[in-house]
Chemist: 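Here you go, one structure.
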Number of protein chains: 2
Amino acid sequence: MVTLKQLSKELGVSISTVSKALSDSFEISERTKKKVLALARKYNYRPNNVAVNLRAKSTKTIGVIIPNIFNHFYTKILSGIEQEAKRNNYKVIVSISNETVSSEKEGISFFSNGSVDGILLAPSEETEKLGNYKHISALHQKEIPFVLFDRYSEKLNSDKVIINDFDSAKKTVKYLINKGREEIVVVSLIKHLSVGELRKKGAFDASKKITLLEFEKEEELEEAFLKLIKRKRIDAVLALDELSGIITLNIARTVAFRIPEELTIISFSQGVLSEYSYPKLSTINQHAKEIGENSVQLLLTRLKNKEASYKTRIIKTALEIHQT
Amino acid sequence: MVTLKQLSKELGVSISTVSKALSDSFEISERTKKKVLALARKYNYRPNNVAVNLRAKSTKTIGVIIPNIFNHFYTKILSGIEQEAKRNNYKVIVSISNETVSSEKEGISFFSNGSVDGILLAPSEETEKLGNYKHISALHQKEIPFVLFDRYSEKLNSDKVIINDFDSAKKTVKYLINKGREEIVVVSLIKHLSVGELRKKGAFDASKKITLLEFEKEEELEEAFLKLIKRKRIDAVLALDELSGIITLNIARTVAFRIPEELTIISFSQGVLSEYSYPKLSTINQHAKEIGENSVQLLLTRLKNKEASYKTRIIKTALEIHQT
DNA sequence: ATGAAAGCGCTAACAG
DNA sequence: CTGTTAGCGCTTTCAT
């Protein structure tokens, strides 16, 4: 990489003259500017980012800690983050926690050395399970601004971007009841997540008369659901996560349920899974991309004003019913 | 963030003493080391990464340009990259090209200012379509090492990590023939990708008697495949990409094909889609994670020795047949 | 209109 | 064993 020093030497002017010329300073004569610009272009000069960062004491980089990159929901959030960051001339560094506390800590420490201006973070499942958020709140001491997205805790004081899980589940159950569905089953594989808890509460807030199937492992859910539908007539399923939705769908089909005529399945999701399932699953779309975009916006706002009070943005969900 | 300067001031020693003490230099007395370490811990001192980078003229960061983050295949590669990078104490910056030349160029220029030590890149679909790789080979002039993964071109001289697409397709068709399948259909939605071309050639190299359905849009493929199976008996499908596989599967089921008894479907894939399809699709697993890991390894090797000749690593595929 | 010098935070060669 | 100094590449203040 060519540097200001090299350019200045070749042009026989000082480094500062070259620097000023390149930033089109009024202090520099047109003639010199032309000369400098020409040579800079010839060598494809680009200011060394690291040096600029050191000088500016800012990196124009956002660190993202994401629990799981195989989950299409987070992938969409990441895409929203990346786009919004780029739009604001920020770079994005990614660290994947794989739902473990240890990787999450690693990621945080990875970012806590001036590599990033701020952090976007969705706590790992393990973190939520243990309820220990000290490694995250430690960012406050380090004065590294951060924004939580999707998952959060009352224990954590910070900006956050979330969806209205409680309301979404409640509204969906109400919708099912309105449609005349009477035997509603709620299935879930995300027992340990804060969002799972909220959705469950929302569903039960709409109706006490709900059967709950909540498990940690896919096979357990499969077994339980199969047993249930053999024993009892049901006509609606609300899946609190996409995987539960797909599993329920596939099992219902093996026992020849007509879907959605005999059995309505609605699933929280943002996935390819539901899109390419057969038949297409009805979903509660979580607008993942907007979650990502809003997280970036909140963080950039925070970077501009570190003293402002913490803000929460709630991204609305949309119920998408597929009749086919 | 606390700096060496601040520590040195509080301790009443010089900056370099603090620096040396923290790196456990033999030049420093045990007593001083203890004192320094204690204060450093108290303030949670971490060397400023940007300053270290400037000094070291290396960023310990890898830039990744990925065509599409919604494709599970690339997501897995990214995960492999991230893990292998972390294992070697490198950070990962991500830029998503969305299969467009313009975003790809943006990404490259984004990285070409000293932000990264090297680049990992899978060219966008548009780039492959246009056959113009100048913006990529320009990295050679800029002396930024890069490694291509998954997609590549003869026009590009570089390290690369690829799968043996030609052989995999060929072997799969042979497998089908061995199993007594006679009417084989090859379906594809990745006409414009170099890998699509290779897979197609491989399939035809195993048998000339193949029906080819190749389209750009999902609907076109759906229509054509439906028409075909109504007109003619077929007993095997090789899908060159996962989407084609799923679409074929869903259509075959609407017309009540028994799968895999009557119709074998095998698909190139690395997806959740095939895993949670019903019935489970048989797949040609591309070991995406290994592609990611190998890309990082090749790049790090290159960083150590910029003069070595270019290497190509071929990641083997595995045929995974599901009987259910 | 141009240049010299300082300083961002760090490391390391050199001096004492 | 500790300190001084230089320099990574850049921007900016302050001379000239």
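No hydrogens, no waters, no symmetry mates; every other heavy atom, side chains included, goes into these values.
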Chemist: Side-chain N or O of T32(A) versus OP1/OP2 of dT2(C): is the shortest distance under 4.0 Å?
Modeler: yes
Chemist: Answer yes when D159(B) and R302(B) have at least one side-chain N-carboxylate O distance shorter than 4.0 Å, and no when they do not.
Modeler: yes
Chemist: Starting at atom CG of L4(A), determine the distance to atom C1' of dT2(C), rounded to an integer number of angstrom.
Modeler: 15 Å
Chemist: Test: ring-ring contact (aromatic ring centres under 6.0 Å, His included). Region: residues 2-46 of chain A. Which pairs qualify, not counting sequence neighbours?
Modeler: none
Chemist: Within less than 4.0 Å of OP1 or OP2 of dC10(C), is there a side-chain N or O belonging to S19(B)?
Modeler: no
Chemist: Find the distance L22(B):CG to dC1(D):P and express it as a whole number of Å.
Modeler: 17 Å
Chemist: Please list, in numerical order, the residues of residues 7-16 of chain B that have a heavy atom closer than 4.0 Å to any atom of DNA chain D.
Modeler: V13(B), S14(B), S16(B)
Chemist: Taking 4.0 angstrom as the limit, do E99(B) and R151(B) come out as a salt bridge?
Modeler: yes
Chemist: What's the NZ-P distance between K34(B) and dC1(D), to the nearest Å?
Modeler: 13 Å
Chemist: To the nearest angstrom, how far is R31(B) atom CZ from dT2(D) atom C1'?
Modeler: 13 Å
Chemist: Quick one: on DNA chain D, does T3(A) or E27(A) contact a more 5' nucleotide (nearest heavy atom)?
Modeler: T3(A)
Chemist: Got a sec: does the CZ of R31(A) have more than 12 other heavy atoms crowding it under 6.0 Å?
Modeler: no
Chemist: Looking at E125(A) and K129(A), does any basic side-chain N land under 4.0 Å from a carboxylate oxygen?
Modeler: no
Chemist: Between D117(A) and K60(A), is there a salt bridge with N-O shorter than 4.0 Å?
Modeler: no
Chemist: Considering only side-chain heavy atoms of K5(B), which listed nucleotide, dT2(C), dC8(C), dT11(D), is closest?
Modeler: dC8(C)
Chemist: Evaluate the side-chain proximity of R313(A) to K160(A): yes if any heavy-atom separation is below 4.5 Å, no if none is.
Modeler: no
Chemist: What residues in residues 41-59 of chain A put a non-hydrogen atom under 4.0 Å from any atom of DNA chain D?
Modeler: Y45(A), P47(A), N48(A), A51(A), V52(A), R55(A)
Chemist: Is there side-chain contact between K311(A) and T301(A), with heavy atoms separated by less than 4.5 Å?
Modeler: no
Chemist: Is it true that, when you exclude R41(A) itself, more than 12 heavy atoms of the residues, nucleotides or ligands shown sit nearer than 6.0 Å to its CZ?
Modeler: no
Chemist: Judged by each residue's nearest nucleotide on DNA chain D, which is more toward the 5′ side, I28(B) or K20(A)?
Modeler: I28(B)
